[in-house]
Enquirer: 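Take this structure first; my questions come after.
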Amino acid sequence: MPLLENVINEISQERLWSRHLQLAEIGATPGGGVNRQALSREEISARQLLVQWGSPLGLVPYSDDIGNLFLRYPGKDADAAPVVTGSHIDTQPTGGRFDGSFGVLAGLEMLEAMHAAQFKPERSIEIVAWTNEEGSRFAPGMMGSALFRGQRDLESTLQVEDLAGISVRESVAAVRAAEPDIASRSLGFPIAAYVEAHIEQGPILEMQRKIIGVVSGIQGKRVFRVTVEGEENHAGTSPRALRKDALVASVDILSALHALTHDPDDTVKFTVGFLEVSPNAPSVVPSLVHFSIDLRHPDTEILSSLGDAIPALCEEHRGPCNVQIKELSNDPSLEFPAAIRDVIRDVVVGLDIAHMELPSAAGHDARHLHYVCPTGMIFVPCAGGISHNEAESCKAEDLFNGAQVLAGTIARLADQA
Ligand code: GLV
Ligand code: MN
Ligand code: MN
């Protein structure tokens with residue numbers, strides 16, 4: 001297929017790399033990473049840059065009720081369901097330059113190449129930046145893709161607030177107001193196929209000296225928010241036996257949860273990454289603690305039984321305090337369809353790039369698209385498997401290879417009637 005080769009030959013390593021560096025300037029941290037929170041001023045600037053990059057290619061931008069941003073490359077049949085690729089451009093507070101950004105910029109690079117090669121597929125192709133994948137400002141994450149799938153309810157999602165009390169509703173309105181020329185479209189529409197490129201965020205590809213990972217599926221994940229309520233009192237005068245110390249109760253609960261999820265095989269992943277103590281004053285007995293629970297396991301049954309045990313364990317260890325447990329999301333493990341994996345593998349073999357199949361231990365928007373249309377993922381390595389860290393780092397050549405594989409895969413899928 002000479003036209004397909006032309007497309008792949010037009011992928012530019014330099015342009016792709018320099019765009020990663022330019023995008024990473026928006027929200028750059030002193031430590032060399034990125035802090036670009038969902039629906040923030042920084043994310044508005046990053047979206048503007050994407051739209052600006054897409055403009056010479058004739059890409060038409062659209063946005064929806066949660067702010068998902070799509071850029072459309074028209075195919076021959078305007079009515080056919082598009083093939084979609086992309087990821088997210090929000091980051092963790094101490095995020096890196098590649099998590100999410102790679103999937104969006106690889107999609108853009110692919111469209112640069114298709115445009116240069118004058119490749120007009122049967123179906124339209126769209127790249128997407130999903131809203132709030134990370135879930136650090138507004139919990140839980142993968143908000144845009146979960147709503148697109150119809151797994152969550154729009155109204156209750158719009159009411160979610162960040163720590164400053166700013167709602168998703170206000171923040172989406174600010175984003176949309178900053179983009180008066182971007183047309184609205186409905187949340188959720190038919191898609192022919194979805195393929196997301198992403199950095200692995202783990203050490204396997206690097207350890208195995210492979211450049212491309214054909215992702216077999218995504219491990220299950222449950223997310224909880226726990227609130228422990230006690231009573232403020234004087235640190236010097238209140239008798240210990242009468243105290244309702246929310247932090248002491250939380251420490252008890254946390255050590256019981258750590259024991260529950262202890263796994264010598266290191267397959268159970270249990271993380272409390274957020275903890276807030278009020279009033280957070282040295283001489284006041286803490287009256288209120290909020291903390292997060294991120295629980296993951298590839299076996300959905302084990303994930304279910306561990307997650308189901310959490311409320312009772314919190315109750316058992318709450319001491320004189322009250323405890324409330326809210327489950328924010330519960331997503332089982334999933335396996336991507338063989339048909340999409342086969343297309344990706346075929347393209348990788350054709351390009352003669354070292355590859356392997358592996359599951360994703362991290363979560364991705366592809367999890368929700370899996371329930372919308374045939375879905376797959378392409379991984380590239382990152383140094384030492386380090387991610388959700390300012391030091392996250394990738395090789396320009398690996399990103400280039402990943403974009404080539406994405407271009408070949410999407411071109412094939414979009415050229416099918
Ligand atoms: C996604 O960012 C995850 O936490 O897996
Ligand atoms: Mn990501
Ligand atoms: Mn992430």
Enquirer: How far does CD of Glu14 sit from CZ of Arg19, to the nearest 0.5 angstrom?
Expert: 12.5 Å
Enquirer: Kindly check if the number of other-residue, nucleotide or ligand heavy atoms within 6.0 Å of CD (Glu397) is above 12?
Expert: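 Counting neighbours around CD of Glu397, 12 or fewer heavy atoms of other residues, nucleotides or ligands fall under 6.0 Å, so no.
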Enquirer: Taking side chain as C-beta onward, heavy atoms only, is Ile340 less than 4.5 Å from Val195?
Expert: yes
Enquirer: Check whether more than 12 heavy atoms from other residues, nucleotides or ligands sit under 6.0 Å from atom CZ of Arg41, and answer yes or no.
Expert: no
Enquirer: Could you give the distance from CG (Asp331) to CD1 (Ile218), rounded to the nearest 0.5 Å?
Expert: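 Going from the CG atom of Asp331 to the CD1 atom of Ile218 covers 9.5 Å.
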Enquirer: Are any of the side-chain heavy atoms of Asn389 and Thr94 separated by less than 4.5 Å?
Expert: no
Enquirer: Would you say the side-chain atoms of Gln159 and Glu155 include a donor-acceptor pair closer than 3.5 Å?
Expert: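 A donor-acceptor contact under 3.5 Å links the two side chains.
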Enquirer: Apply side-chain contact (heavy atoms from CB on, under 4.5 Å) to residues Ile310 and Cys314 and explain how you reach the verdict.
Expert: CA-CA 6 Å; Ile310 287 176; Cys314 291; 4.0 Å; yes
Enquirer: Would you name the heavy atoms of Pro93 and Ser136 that are closest together and state the gap between them?
Expert: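 Looking at all heavy atoms of both residues, the closest pair is CD-OG, 3.7 Å.
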Enquirer: How far apart are the closest heavy atoms of Pro381 and Asp398, and which atoms are they?
Expert: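 That would be CG-OD2, 3.6 Å.
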Enquirer: Can you tell me if Arg123 uses its side chain to pair, donor with acceptor, with the backbone of Gln416 under 3.5 Å?
Expert: yes
Enquirer: For the pair Arg318 (side chain) and Glu229 (backbone), establish whether a donor and an acceptor sit closer than 3.5 Å, ignoring hydrogens and angles.
Expert: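 The answer is no, because no donor-acceptor pair under 3.5 Å joins these two groups.
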Enquirer: Do Asp365 and His88 come close enough that some side-chain heavy atom pair is under 4.5 Å?
Expert: yes
Enquirer: Side chains of Asn35 and Gln92: do they bring a donor and an acceptor to under 3.5 Å?
Expert: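 Looking only at side-chain atoms, Gln92 and Asn35 do not form any donor-acceptor pair under 3.5 Å.
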Enquirer: Pick out which of Arg36, Glu43, Glu42 makes a side-chain hydrogen bond (donor to acceptor under 3.5 Å, both in side chains) with Ser40.
Expert: Glu42
Enquirer: Ser216 and Glu357: side-chain donor and acceptor closer than 3.5 Å?
Expert: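 Distance-only check fails for Ser216 and Glu357.
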Enquirer: Applying side-chain contact (heavy atoms from CB on, under 4.5 Å), run through Asp415 and Phe119 and close with a yes or a no.
Expert: CA-CA 10 Å; Asp415 227 12; Phe119 175 73; 4.0 Å; yes
Enquirer: When rounded to the nearest 0.5 angstrom, what is the spacing between CG in Leu399 and CG in Leu406?
Expert: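 The distance works out to 12.0 Å.
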Enquirer: For the side chain of Asp162 and the backbone of Phe138, is there at least one donor-acceptor N/O pair under 3.5 Å apart?
Expert: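 No: the side chain of Asp162 does not pair with the backbone of Phe138.
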Enquirer: Are His198 and Phe102 close enough, and set up right, to give a ring pair (Phe, Tyr, Trp, His ring centres under 6.0 Å), and what steps lead you there?
Expert: CA-CA 6 Å; His198 207 283; Phe102 170 58; 8.0 Å; no
Enquirer: Minimum heavy-atom separation for Leu23 and Trp53, please, with both atom names.
Expert: N-CH2, 4.4 Å
Enquirer: I'd like to check Leu50 versus Leu105 (side-chain heavy atoms, cut-off strictly below 4.5 Å). Are they in contact?
Expert: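 Yes, close enough: below the 4.5 Å cut-off.
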Enquirer: Do Ser387 and Glu392 have side-chain N/O donor and acceptor atoms under 3.5 Å apart?
Expert: yes
Enquirer: Over all heavy atoms of both residues, which pair between Cys321 and Val228 is shortest? Give the atoms and the distance, please.
Expert: CB-CG1, 3.8 Å
Enquirer: Answer yes if the side chains of Asp294 and Thr271 hold a donor-acceptor pair under 3.5 Å, and no otherwise.
Expert: no
Enquirer: For a quick check under 3.5 Å, do Asp299 and His297 share a side-chain donor-acceptor pair by atom type?
Expert: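 No pair is found: no donor N or O on one side chain lies under 3.5 Å from an acceptor on the other.
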Enquirer: Got a second to check how far Glu112's CD is from Glu10's CD, nearest 0.5 Å?
Expert: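 Rounded to the nearest 0.5 Å, the CD-CD separation comes out at 10.0 Å.
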Enquirer: Test your reading of the model: is there a side-chain donor-acceptor pair from Ser63 to the backbone of Leu69, 3.5 Å cut-off?
Expert: no
Enquirer: Any side-chain donor-acceptor pair under 3.5 Å between Ser87 and Glu196?
Expert: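 Note: Ser87 and Glu196 side chains meet the donor-acceptor criterion.
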Enquirer: Ignoring hydrogens and angles, state whether a donor on the side chain of Gln201 or Asp99 is under 3.5 Å from an acceptor on the partner side chain.
Expert: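 Yes, Asp99 and Gln201 have a side-chain donor paired with an acceptor closer than 3.5 Å.
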Enquirer: Donor-acceptor pair, distance only, cut-off 3.5 Å: does the side chain of Lys210 make one with the backbone of Met207?
Expert: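 Answer holds: no.
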Enquirer: Please indicate whether Gln48 has more than 12 foreign heavy atoms, meaning atoms of other residues, nucleotides or ligands, lying under 6.0 Å from its CD.
Expert: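 Atom CD in Gln48 is crowded, with more than 12 foreign heavy atoms closer than 6.0 Å.
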Enquirer: Has Lys76 got more than 12 heavy atoms of other residues, nucleotides or ligands less than 6.0 Å from its NZ?
Expert: yes
Enquirer: For the OG1 atom of Thr227 and the CD1 atom of Ile325, what is their distance to the nearest 0.5 Å?
Expert: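 Rounded to the nearest 0.5 Å, the OG1-CD1 separation comes to 9.0 Å.
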Enquirer: Given side chain to side chain donor-acceptor pair (under 3.5 Å), test Glu301 with Ser304 step by step and report yes or no.
Expert: CA-CA 5 Å; Glu301 268 183 43; Ser304 294; over 6 Å; no
Enquirer: Is there a donor-acceptor contact under 3.5 Å linking the side chains of Ser305 and Asp308?
Expert: no
Enquirer: Closer than 3.5 angstrom, by distance alone: can the side chain of Thr91 be matched with the main-chain N or O of Val34 as a donor-acceptor pair?
Expert: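 Such a contact is found between Thr91 side chain and Val34 backbone.
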Enquirer: Are Ser55 and Gln52 close enough that a side-chain donor and a side-chain acceptor fall under 3.5 Å?
Expert: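 No, Gln52 and Ser55 have no side-chain donor paired with an acceptor closer than 3.5 Å.
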Enquirer: Once you measure the plane-to-plane angle for Phe98 and Trp17, does it fall in the parallel (<30°), tilted (30-60°) or perpendicular (>60°) bin?
Expert: parallel
Enquirer: Spell out, as yes or no, whether a donor-acceptor pair under 3.5 Å connects the side chain of Arg137 to the backbone of Leu39.
Expert: yes
Enquirer: Mind running side-chain contact (heavy atoms from CB on, under 4.5 Å) on Asp64 and Phe70 for me, showing each step along the way?
Expert: CA-CA 9 Å; Asp64 59 23; Phe70 298 87; 3.7 Å; yes
Enquirer: Using only heavy-atom distances, determine whether the side chains of Ser360 and Arg367 contain a donor-acceptor pair under 3.5 Å.
Expert: no
Enquirer: Determine whether the aromatic ring centres of residues Phe291 and Phe224 are separated by less than 6.0 angstrom.
Expert: no
Enquirer: Below 4.5 Å, heavy atoms only, C-beta onward: do His115 and Pro56 meet side chain to side chain?
Expert: no
Enquirer: So, for Asp65 and Leu158, which heavy atoms are closest and what is the spacing to 0.1 Å?
Expert: O-CD2, 4.2 Å
Enquirer: Can you confirm whether Ile191 sits close enough to Leu369 that some side-chain heavy atom of one is under 4.5 Å from a side-chain heavy atom of the other?
Expert: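 Yes, side chains in contact.
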Enquirer: Mind checking the OG-CD spacing from Ser292 to Glu276? Nearest 0.5 Å is all I need.
Expert: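 Result: 11.0 Å between the selected atoms.
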Enquirer: Using side-chain contact (heavy atoms from CB on, under 4.5 Å), reason through Arg72 and Glu126 one step at a time and then give a plain yes or no.
Expert: CA-CA 4 Å; Arg72 183 175 173 94; Glu126 299 197 5; 2.6 Å; yes
Enquirer: Classify the side-chain pair Thr157/Arg152 by whether it contains a donor and acceptor separated by less than 3.5 Å.
Expert: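 Side chains of Thr157 and Arg152: pair found under 3.5 Å.
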Enquirer: Are the side chains of Met356 and Val214 in contact, using a 4.5 Å heavy-atom criterion?
Expert: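 Side chain of Val214 against side chain of Met356, heavy atoms only: no contact under 4.5 Å found.
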Enquirer: Can any side-chain N or O of Arg341 pair as donor or acceptor with the backbone N or O of Phe336 at less than 3.5 Å?
Expert: yes
Enquirer: Going by heavy atoms in the side chains, are Tyr371 and Gln151 under 4.5 Å from each other?
Expert: no
Enquirer: Hey, are Glu134 and Asn132 close enough side-chain-wise for a donor-acceptor pair under 3.5 Å?
Expert: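 There is no such pair (donor and acceptor under 3.5 Å, judged by atom type) between the side chains of Asn132 and Glu134.
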Enquirer: Between the side chain of Thr131 and the main-chain N/O of Asn68, is any donor-acceptor distance below 3.5 Å?
Expert: yes
Enquirer: Looking at Pro337 and Pro374, what are the two nearest heavy atoms and their distance?
Expert: CG-CA, 4.1 Å
Enquirer: Can you tell me if Asp263 uses its side chain to pair, donor with acceptor, with the backbone of Val268 under 3.5 Å?
Expert: yes
